[in-house]
Amino acid sequence: MYGRLTGRRLPFLNKAPEEGLKVSALHGARNGLYVEGSICSIPCVMLVDTGANVTLVRTDLAQKLKDNFIYTAPNIFLKSATGEKAEIHGKLDAAIECGSRKFQHRIYVADITDPCILGLDFLQKFNFTVDLEKNELRTGGEEILLFSASAEHSKLCFVLAKEKTIIPARSECLIQGVPEVSGKFRYAVTDFPSQVSQKGVLVAATLVDLKREAIPVRVLNLDNKPKTVDKGAVIATCAPVVDFVVRPQEFSKSLRLPSILENLERLNEEQ
């Protein structure tokens with residue numbers, strides 16, 4: 001095996017391991033794509049950067065993991081495509097959770113604006129495929145949704161009425177909705193939209209899966225008169241769910257989020 005490598009030029013191996021660290025940008029861009037996950041069980045959003053040859057974690061987040069911290073030699077810098085530089089403070093052997101799996105990987109610590117940047121080293125090592133058309137990250141048969149970086153795009157989603165609906169006076173009912181734009185994020189919590197002109201109507205906070213054909217939105221008409229909701233009207237807003245905390249004493253290990261959502265939808269239909 002060693003004989004086969006003799007005479008072959010491997011540029012990366014000719015350098016010290018901490019040299020030649022590159023990233024597209026030190027500051028997240030509005031058109032960047034992110035994935036929800038965690039580093040050593042600390043929830044965070046991670047920028048997917050195929051222009052980075054190294055995976056990075058922000059300094060303040062790394063300080064929470066100081067037990068795993070490995071110091072590097074001084075004067076080692078991270079370079080961006082725009083010529084910016086940031087000092088590398090150290091590195092970590094971290095468990096990165098992405099989708100339903102955890103991946104053990106070495107990451108570097110630097111003063112970046114995003115909590116974490118997943119570089120090409122991570123994507124190639126674990127055979128990830130980035131699908132920009134569907135905004136998905138795929139590995140091992142699993143599809144992980146990517147979402148945009150802009151505040152409006154990543155933080156808020158409007159739910160529109162699927163059909164014209166009449167809410168009876170002093171009554172509660174379920175309205176079927178659809179997301180205004182699909183693919184922003186998958187799991188979300190519905191809330192009352194400030195833009196709604198229907199006074200006297202309340203919207204229940206509900207955990208929903210935006211990949212489903214219809215989104216159940218529970219509304220309450222407090223008025224003494226029926227309320228009409230036209231098709232395409234904004235009935236709720238959705239905020240992305242960043243993390244789920246399951247208490248072992250309340251849920252079994254076999255209970256997963258999709259089954260919870262199915263039970264909630266079944267309950268809504270029965271009521």
Q. Got a sec: does the NZ of K125 have more than 12 other heavy atoms crowding it under 6.0 Å?
A. yes
(Q) For F126 and F103, take the angle between the two ring planes, folded into 0 to 90°, and tell me which bin it lands in: parallel under 30, tilted 30 to 60, perpendicular over 60. (A) tilted
Q: Could you tell me whether the side chain of T190 and the main chain of T206 form a donor-acceptor pair under 3.5 Å?
A: yes
Q.
I need the minimum non-hydrogen distance between N221 and A169, along with the two atoms involved.
A. ND2-CA, 3.6 Å
**Q.** Euclidean distance, L207 CG relative to C238 SG, rounded to 0.5 Å
**A.** 10.0 Å
Q. If you look at every heavy atom in L61 and P115, which pair is closest and at what distance?
A. CD2-O, 3.9 Å
Q) Apart from L220 itself, which Ile, Leu, Val, Met, Phe, Trp or Tyr residues share its cluster (side-chain heavy atoms under 4.5 Å, direct or through members)? A) L202, L222
Q.
Using side-chain heavy atoms (C-beta onward) and a distance below 4.5 Å, is F128 in contact with C98?
A. yes
Q.
Quick check against the 3.5 Å criterion: does D131 have a side-chain atom that pairs as donor or acceptor with the backbone of K134?
A. yes
Q.
Just to verify, which of L118, L137, N135 counts as forming a side-chain contact (heavy atoms from CB on, under 4.5 Å) with V130?
A. L137
Q. Is it the case that D191 and T237 place a side-chain donor and acceptor less than 3.5 Å from each other?
A. no
Q. Between the main-chain N or O of S100 and the side-chain N or O of E142, is there a donor-acceptor pair closer than 3.5 Å?
A. yes
Q.
So, taking the atom named CG in L160 and the one named CD1 in I175, what distance separates them when rounded to the nearest 0.5 Å?
A. 12.0 Å
Q. Between I235 and G177, what is the shortest heavy-atom contact and its length?
A. CD1-CA, 4.1 Å
Q. Sub-3.5 Å donor-acceptor pair from the side chain of T59 to the main-chain atoms of V109, do we have one?
A. no
Q.
Other residues, nucleotides and ligands only: do more than 12 of their heavy atoms fall within 6.0 Å of CD on E213?
A. no
Q.
To the closest 0.5 Å, what do you measure between CD1 (I88) and CG (L78)?
A. 5.0 Å
(Q) Do I76 and Y108 have side chains that approach each other closer than 4.5 Å (heavy atoms only, starting at C-beta)? (A) no
Q.
Using 0.5 Å steps for rounding, measure from the NZ atom of K91 to the NE2 atom of H105.
A. 12.0 Å
Q. Do T55 side-chain atoms and G119 backbone N/O form a donor-acceptor pair below 3.5 Å?
A. yes
(Q) How long is the straight-line distance from CD of E136 back to OG1 of T129, given to the nearest 0.5 Å? (A) 11.0 Å
Q.
Quick one, E87 and D111 - any side-chain contact, counting heavy atoms below 4.5 Å?
A. no
Q: Could you tell me whether the side chain of D49 reaches within less than 4.5 Å of the side chain of D114, counting heavy atoms only?
A: no
**Q.** Minimum-distance pair of heavy atoms, taken over all atoms of S41 and P43
**A.** O-CD, 3.5 Å
Q) Going by heavy atoms in the side chains, are I215 and K162 under 4.5 Å from each other? A) no
Q. Rounded to the nearest 0.5 Å, how far does CG of L174 lie from CZ of R218?
A. 5.5 Å
**Q.** Side-chain donor/acceptor of D223 to backbone N/O of V201, under 3.5 Å
**A.** no
Q. Do NZ/NE/NH1/NH2 and the carboxylate oxygens of D60 and R58 come within less than 4.0 Å?
A. yes
Q) With a 4.5 Å heavy-atom cut-off, do V219 and K227 have their side chains touching? A) no
Q.
For V229 versus A233, what's the shortest heavy-atom pair and its separation?
A. CG1-CB, 4.2 Å
